[in-house]
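This one's a predicted model, so the numbers in the text were calculated from it and none came from an experiment. The sequence lines fix the lettering, A, B, ..., with proteins before strands; numbering per chain opens at 1.
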Amino acid sequence: MSRLEHLPTLRIDPSLTLPLHYRGKTRYGVSGDTVATALFADGVRIFGRSLKYHRPRGLYSLDGECANTTMAVDGVPNVRTETTPLVSGMRVAVQNVMGFPEFDVMGFMDRLSPFMPAGFYYRILHKPAMIWPLALKSIRKAAGLGKISPDFRTIGTFEERYLHADVCVVGGGAAGMSAALAAAESGLRVILLEARPWLGGCWDYRSGADSDALPLYERSRELAREVADEPRIRVFCRTPMIGAYNDNLVTAVQSGGEDEGFTERYIEIRAQSVVVATGCIERPLLFENNDRPGVMQVGCAHRLARTYGILPGKTAVFSVGHDMGLEAAVDLSELGVEVLCVADAREDGQHPGLVRALTERGIPLLRGWVAARAFGKRHVKKAAVTTVEGTVRREFACDLLVASAGLSPVTGPLTVAGARLAYDVHTGYFLPEALPCGVHAAGRLLGWNDPGAAEASGRLAGVRAAADCGKTVDSDAAEAALAAHPGPESGCKLVTAPVAGKKAFVCFDEDATVKNVRQAIDMGFDVPELIKRFAAVGLGPGQGGIPGHNLPLLAARYRADTAPPRPTTVRSPLVPALIAAYAGAQRDMCKRTPLHRLQERDGGVFRRTGVWKRARYFSDDTECREEILAVRNGVGMLDASTLGKFRIHGPDALNALQRVYVSDMRKVGSDRVKYSAMCNDDGCVIDDGVAVKIGENDYYFTTSTGRAGATVEWIRYHTRFDEWDFHLVNLTDALGVINLAGPDARTVLESITDADVSNEAFPFAGYRTFRVDGWIPVRAMRLGFVGELSFELHAPSSFMPALWDRVAEAGKPHGIRNFGMEAQNVLRMEKGHVILGQESEQRTNLLDLGLGFLWDRSKTDAATVGAVALEQAEDDPDRLTLVGIEMDDPDRPAKDGSVIVDDRIRGYVCTLRRSVTLNRAVGMALVEAPLSAPGTHLEIFEDDCNGQRLKAKVVPMPFYDPEGKRMKG
Amino acid sequence: MSLMLTCPVCGRRNGYEFRYGGEDKGPRPEEDGLTPRAWCDYVHMNRCAAGPVKEWWFHRDGCGSWFTTWRDTTTNLEIQPPEDSE
Ligand SMILES: [Zn+2]
């Protein structure tokens, strides 16, 4: 189809064609098209079949208010093609069609509709229960829209933006732009959101009713230029608002263009004030076959011509209830559509200029008339119009029936922001009774249809928003400016055409008719919220877009309510958004130690541990034989930089340590580290580590990797009532740690420092500071987590690579090896040393782990966190105890986390490995106290033991070097 | 967490920056003669009132302070302390 090429309102470039693939053929749209307008221009009229009855469906609203034109695009189901920009090479497929859109073999479903009243599935497929599986299968097959395969993965780039603004304006029509300009003029930062790809709203394609005035499309372009020239306004197009939350948090999803580097972008805006100027959609006209392709709304027909250069039909009948309908009839007749008549449901109130223009063109205006029925099996061929009373009827052969009962304000953004709506008799709209604090509304949404009034109401809202932000503004002047324009017009009150309503669809997406609504009411579902659910009105992809306004009016009319109609609830997301957009970029945000690259070079295999990436193995041997043997027989080095490292200093530093550690921290010395643990208020162990005194009222302490992030918070929380004077510094990232371990560790260390590191000068648990090679400052601790002689070397992160290389070089003659997390895990397990989170879970207390010796119960003044609960738990016989266990079969170790059972679960395996060092399968387990005696036989169940329980027995710990000669020697 | 909270050091900030620290129950009870039940109630039991509640919050992504503020749990908005609160 050739396009209207020279309209000033076009948003397409007819000279730039784009191919798309549909039904085995390559078709062409043009740059600026949506997928649906490109297909329409190519002659496609049926875009899909409806959910239940498989009725043909076509282009109806152009704003995605119904699922009529949802299709599969490039494998993604349920894409709203009427709002999706056409991209070169797209592959488009119809949904819910068996056969072809024009000849759907399921089309017979439509004739069955009399047998499928409201709530059909709920009521009929209720019993007997045995019909369920069959019914489920056949209904699933026949009904529903898009299909998605279980292994479908969303393709695209998704990202997030978190923005702050003084004022957020939702809707970039004349009112929204005016509001944004007014707020920006007072010096505020404004964000303007617009759902369409351009600013202008309904003025973008209209000339307006007043032929003497500046055409509205020119005025809207003027405003858009002013907005573009205002540096304080940031515009987001293709960005519908989807939700609103407390304190003016507005969420939106932006669709990316082809060149923008993202598919969809989730945006969250924290604003001080919000202006909603989202304008109106149209209230669908209810008549028989109102869903037939060829029936479309005023804005759809008008925009097809003015924005996309496509004539929506050849011969048209209009049935409308507002002046925009008359305006479109005049304009489309001007552009070449033969308009046979305009039925206007209103008796009066029409703009005189538009009435004159219709008369001049010889188009009959039938006041108090309305479309009653569309004829034509697959597309409109004829339209019947009647008086609103149904007394006189006329028929016209036509291929286009432009139908609209009235306007319907887009109040969703106000509702989700917390506004309550009430029926306004004058406009026939559901309008906010009162607006939440810091939220304003403007424009056609409130009925300000007059162009001057729309702008003035926008400016007034902008001024009020500026006042919210503390600006001194002249809102009286802005109010007076608005008062100078005509107020909101009286809205059309027609609810339905005078028809039986068997095929008058209230909701297209769920195939719900006027008759279904009446049935639902007759069955006692008498309020809109119940009807909505029972007759499935507005539960489809378009949500309330089509039925939202009509359903409450219809229900109130049918029930002859004396109370005003009440709207149904709207929830976010107001517009469908991909779950991928909510998920966002999903970048793997992790920390890397200063030694990461060096370990990569050495073949480290990294795993995510909390916020860190850590080297787990240094070969593909997951048993880590070589790594373990190096530490046991020679020397090994481990990157332990992820340990939490803290300095606490100040007059009350010791008080704070006394509060959170279970031990008496007064005993912490300056040349010896003290091992201790922290408990929570339940006495459960949350952390362990060492502390050392590095000066007067000045301590250095370590925490486990996982607790580093919460330690400051923890200590401050438990001292919050004390007003103590101390400072906490998190040095976790500032310092790195190398654990040098093995019988040859001392020889290696001796070769790189002048300090005396002999057993006499630097005994077990000692703390020394010295320099390596005379320049690298090191805090060294003699510890034995892996059960061998070992030195923990703490140094500033910037020195760590140099220290690492130096240790590696010095260790070469001794065959030094890197060891990773898994080797360390086995080594420390053999020694019976616990890792919190592995040997403990949320309920495990200090005593359960056998660490009760750390607890100093004499320091009652300190009010130690956990002490109360520990005292109370001491005599509790029902607690689990940590024990050593050994598998009967050394080649069949149970998995970590498997359960210890007899006739019920009696405990859990914490860590268990086949020990390379000992040639036994040993580990630690938490068991009920009666099972904790050495020699007790245990049975273990794990998921792949094939019902054959594994056998083990309780044995003493530690398994390796019980006297600790190696670690202390 | 869409609410805004006022940190005594940093001012009114996005709720995402804070960690919730529970209802304010005052300092820990005296340990002498404390029954397990009384202790457990102090640690774990909450009033869960619908309406104004005084709570602890931690400015995690900010200055690192613990502070109390009032929140109306029915609106999830920070509020001024009620008149009868001390
Ligand atoms: Zn702060």
Notebook entry, point to check: Is any side-chain N of the basic residue among Arg19(B) and Glu713(A) closer than 4.0 Å to the acidic one's carboxylate O?
Noted result: yes
Checklist entry - Passes side chain to side chain contact (heavy atoms under 4.5 Å, CB included), Met4(B) versus Leu249(A)? Steps please. => result CA-CA 10 Å; Met4(B) 302 276 281; Leu249(A) 187 80; over 6 Å; no
Heavy atoms of Asn246(A) and Asn76(B) approach each other most closely as ND2-O, 2.8 Å
Whatever's closer than 4.5 Å to a heavy atom in chain A on Asp24(B) counts as side chain
In terms of heavy-atom pairs under 4.5 Å with chain A, the winner among Leu34(B), Thr75(B), Thr35(B), Leu77(B) is Leu77(B)
Taking every heavy atom of Leu3(B) against every heavy atom of Arg270(A), the minimum-distance pair comes out as O-NH2, 3.5 Å
Nearest heavy-atom contact between Tyr245(A) and Ser2(B) is CB-OG, 3.4 Å
Give a yes or no on this: more than 12 heavy atoms of other residues, nucleotides or ligands lie within 6.0 Å of atom CD of Gln80(B). no
Check for me whether the distance between the ring centres of Trp56(B) and Phe721(A) falls short of 6.0 Å.
yes
Filtered by a 4.5 Å non-hydrogen cutoff, the part of residues 862-872 of chain A contacting chain B is Ala863(A), Thr864(A), Val865(A), Val868(A), Ala869(A), Gln872(A)
Honestly, the part of Asn248(A) sitting under 4.5 Å from a heavy atom of chain B is neither
Regarding Asp681(A) and His44(B), do their side chains bring together a donor and an acceptor under 3.5 Å, going by distance alone? no
dist Thr68(B):OG1 -> Arg720(A):CZ (nearest 0.5 Å) comes out at 10.0 Å
Check your understanding: Does the pair Asp247(A)/Arg12(B) count as a salt bridge with the N-to-O cut at 4.0 Å?
Key -> yes
So CD1 of Ile715(A) and CH2 of Trp66(B): to nearest 0.5 Å the spacing works out to 13.0 Å
